[in-house]
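Shown next, in structure tokens, is the structure this report addresses.
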Amino acid sequence: MRRSPSRLSVPRLSASRLMLPAAIAAGLAAAALTAPAAFAQETIKVGAPLPLTGALSPEGLKQQRGYDLWAKAVNADGGLKVGDTAYEVEIVYVDYESQTPRAVQSAERLITEDEVNFLFSPFGSGAAKAASSVSERYQIPTIAATASSPSVYDQGYQYLFGTFTPNDTLTTPLTDLVLEADDTIKTIAVYARNDLFPLAIAHEAEAAAKAKGLDVLSFDEYAIGTMDHASALTLMRTRQPDWVFVTGYINDLILIRRQLADLGVAPKVLSMIAGPAYKEFIEAAGPLADNVSSAAWWHPAVAYDGDDIFGTTADYVAAFEAEYGATPDYAEASASAAGAILGMAIEAAGSIDPQEVREALAQMDAVTFYGPVKFGETGQITSLEPPVFQIQDGTTKVVFPEAVKQTDLVIGGIK
Amino acid sequence: MLYAQILVNGLILGGLYACIAVGFSLVWGVLNVINILHGSFVVLGSYVAYFAYVHLGIHPFLSIVLSGALLFALGYVIQAGLINRVIAAPVLTTLVLTFGLELLLNNAVLVAFSADYRAVQLANPMGSQIIGGIVFPMERVMATLLALALTGLLYLMLAKSKIGRSIVAVRMDPEAAALMGVKVKRIYAVTFGVGALMAGAAGSLLSVVFPISPLNSTEFLGIAFVVCVLGGLGSIAGAMVGGLALGVIESFGALLIGPQHGLTIAFSLLILLLIVRPTGIMGRRGYE
């Protein structure tokens, strides 16, 4: 039996349910005192097809948290101001059950039946690309929060914008930093989880290393669900790489970090993507987390002073923690940023007309809590410099880019 | 030297695998129940070890007593209160029951402890010893040795104690055992409790090796299943041989064909074995 995707919408919020940080609450109070009462209240709808159930549901729920936080912040601030009208934001969610074909149908239904004004793309590069043809056909400005592949953006579409830079923008700066810090590093061993994103990042790391003349001693993959890495790491130890680059998710990386120490594999540099971006990794790996380097599109440790609804990065992190009791990660922040960018474009355009908002997005050159925002010809963000960071004495320190750098990359010290 | 190291890696891993599987094998052998809850029992044992270490400072190798006792009680209650009611039904019925209970238990653990990965950070890590050029990761080695010791104790219990002989008697012929005055349903509950105890103790030992999360339960269950089928159902020796074989095959498979194929090799051999020797390496033998 085919079940139609369930539809959920975020209701406008009663004041009693709002738990906002001091900064936004103060802004709201000030707005209430100073704003002329003349704003007519209307609502704009933003459609968000998300995988809220099924295999991708953890990612879908993260994006939902990011969007919800943006909608709450905007509505608490009295809505988006366009001329004499204040628009409250309503996000219309459709659960596409982690099935890409259904994501495309959901996007179409959101536009034709729910008559949403704008759209957030479904999760990941594949689904975002598939759904982008729909929003292009109906000329609905669409922001993709979790699509990094350039092939999503090179279709010549006018209405698609994305907040992730290509994967190589994570690995290339890391490689440059490592070689600047120590020019005796000549060899690298790559160990990758055989899974979409971890494998793609590992291939980028391999390409970046080769481009810099490093000798890639090995490129090994491990299967999803692997509970023992001793054989692969024993072989790695015999090769004595200067740099070990491992990809996977947090459980893999905790286990691999321990087994590297167990077997006495101690390279000069140990980089891991994507576990060290999370606090859990530092807690679970303990002292072994020290000096592990990593990169992500965003990290709570970066410090930007944004012109958007959230203000500084620290304000955003505080708002997120107050709402959800957890630290935001890059996927959640990117979703909130997608909302914040759309809001800025609508206010800059002074209209909710799709064509005018599209122009405002294309011309945007602003700083947000997430980082600087400027889109390239294809619609993919070009201004963002994803942070490279390193765990030093149990805390995450940003070592790149220069604008938000906290300290230098440390070579050695891998136990 | 490389091969010796891989063999050592495989044997250590295999010991851990055997430890995960032995309780599962006991329950399957004696009760003819495929206990889908087993993986979650292991995970619960790990959580007991984690919290006992973080809050009470009890070393995970000592908290096997605590996790074993708690899991025994849980297992006894589940068997006496629920599974005994359908124990005479076909194996599919008990399978569905334990499957349903697993959904409940695993989600309860998720709600209680979240899916976040945790790990026991020993204040005094044991590090690694290098003997003759071969690295022995001591926490893994100690966990494996303790697992083997526990399995030996289980063997002695079944061979020497009155309750152990009752378990063996029930396994061989429940009706004859009942005629001899054995309270069969009580023995079922004790057996299930002992299976859970072994899972809980394994969980404590594994807490120093693997990250802890409710999401691991399916991996542990999968290992228990393969080890039992590989070694032969319903015997401690079978679980030992199955576990060690899986560990060694996986390690050499990863070395010779690449780490992404280690498990593929192990499972291919499993299928081959099922064709040529369906009773497993050790055949179908009792606990006597």
Side-chain angles (χ1 to χ4, degrees), chain A residues 57-58 61 190-195 199 218-239 246 248-266 275 278-289 325-327 394 415, chain B residues 1-6 8-10 12-14 16-17 20 50 114-123 125-128 130 134-141 206 208-213 215-216 218-220 222-223 246-247 250-264:
Chain A
S57 62
L61 292 168
V190 183
Y191 190 51
R193 175 176 157 119
N194 188 358
D195 199 351
L199 199 53
S218 59
F219 186 102
D220 286 320
E221 296 166 25
Y222 61 91
I224 297 167
T226 299
M227 294 189 75
D228 185 70
H229 302 276
S231 291
L233 302 184
T234 300
L235 266 180
M236 190 185 281
R237 192 180 50 149
T238 63
R239 298 179 183 127
V246 187
Y249 294 116
I250 188 157
N251 51 326
D252 308 311
L253 298 182
I254 295 168
L255 183 60
I256 291 168
R257 182 66 198 92
R258 285 188 158 196
Q259 291 206 273
L260 282 166
D262 278 349
L263 293 164
V265 185
Y278 303 88
K279 256 190 200 163
E280 297 173 67
F281 177 84
I282 302 175
E283 284 163 9
L288 294 180
T327 311
K415 297 183 185 85
Chain B
M1 192 57 76
L2 180 63
Y3 290 107
Q5 178 72 57
I6 299 292
V8 167
N9 295 346
I12 294 171
L13 181 67
L16 297 175
Y17 282 176
I20 292 170
Y50 175 81
S114 85
D116 287 358
Y117 284 91
R118 300 167 205 240
V120 172
Q121 288 295 327
L122 293 178
M126 297 177 183
S128 297
I130 301 175
I134 296 171
V135 180
F136 291 85
M138 291 315 289
E139 280 154 23
R140 282 183 171 237
V141 170
L206 295 175
V208 299
V209 175
F210 297 117
I212 305 163
S213 165
L215 306 176
N216 287 340
T218 44
E219 259 97 31
F220 292 144
I223 286 167
L246 182 65
E250 192 186 320
S251 295
F252 276 99
L255 175 74
L256 299 174
I257 315 211
Q260 71 270 43
H261 299 304
L263 275 173
T264 318

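A, B, ... follow the sequence lines: proteins, then strands. Residue 1 opens every chain.
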Does the side chain to side chain contact (heavy atoms under 4.5 Å, CB included) test come out yes or no for A:Asp228 and B:Arg140, once each step is laid out?
CA-CA 12 Å; A:Asp228 185 70; B:Arg140 282 183 171 237; 3.0 Å; yes
Turns out that what part of B:Val8 lies under 4.5 Å from chain A's heavy atoms comes down to neither
A side-chain contact here means heavy atoms from C-beta on lying under 4.5 Å apart; do B:Pro211 and A:Leu255 qualify?
yes
If you count heavy-atom pairs under 4.5 Å with chain B, which of A:Ala285, A:Ala261, A:Pro287 comes out on top?
A:Ala285
Minimum heavy-atom distance B:Val135-A:Asp262, with the two atoms named:
CG1-O, 3.3 Å
Please classify the contact between B:Ile130 and chain A as side chain, backbone, both or neither, with a heavy-atom cut-off of under 4.5 Å.
neither
Please determine whether side chain to side chain contact (heavy atoms under 4.5 Å, CB included) holds for the pair B:Ile6 and A:Leu235, giving the CA-CA distance in whole Å, both sets of side-chain angles, and the decisive distance to 0.1 Å.
CA-CA 9 Å; B:Ile6 299 292; A:Leu235 266 180; 5.8 Å; no
Which atoms of B:Leu255 approach chain A - backbone, side chain, both or neither, heavy atom under 4.5 Å:
both
Report the option among A:Asn194, A:Asn251, A:Ile254 that has the most heavy-atom pairs separated by less than 4.5 Å from atoms of chain B.
A:Asn251
Can you say whether A:Arg193 sits under 4.5 Å from chain B via the side chain, the backbone, both, or neither, judging by heavy atoms?
neither
With rounding to the nearest 0.5 angstrom, report the OG to CD1 distance, A:Ser231 to B:Ile257.
12.0 Å
Option in B:Gly253, B:Ala254, B:Ser251, B:Ser213 with maximal non-hydrogen atom pairs under 4.5 Å from chain A
B:Ser251
Quick check: are there more than 12 heavy atoms from other residues, nucleotides or ligands sitting under 6.0 Å from NZ of A:Lys279?
no
Mind checking the CG-CE spacing from B:Leu13 to A:Met227? Nearest 0.5 Å is all I need.
8.5 Å
Max heavy-atom pairs within cutoff under 4.5 Å with chain A, candidates B:Met138, B:Arg118, B:Gln5, goes to B:Gln5
With distance as the sole test, does A:Glu280 use its side chain to make a donor-acceptor pair with the main-chain N or O of B:Tyr117 at under 3.5 Å?
yes
Go through the atoms of A:Glu283 and report whether side chain, backbone, both or neither lie under 4.5 Å from a heavy atom of chain B.
backbone
Donor-acceptor under 3.5 Å (B:Gln121 side chain, A:Ala284 main chain):
yes
Okay, side chain of A:Arg258, backbone of B:Val208: is any donor-acceptor separation there less than 3.5 Å?
yes
If you measure only the distance, is there a donor-acceptor pair under 3.5 Å linking the side chains of B:Asn9 and A:Thr234?
yes
I'd like to know which of B:Val209, B:Ile223, B:Ile12 tops the heavy-atom pair count under 4.5 Å against chain A.
B:Val209
Based on non-hydrogen pairs under 4.5 Å, which of B:Thr264, B:Leu215, B:Val120 is most in contact with chain A?
B:Val120
Whatever's closer than 4.5 Å to a heavy atom in chain B on A:Tyr278 counts as neither
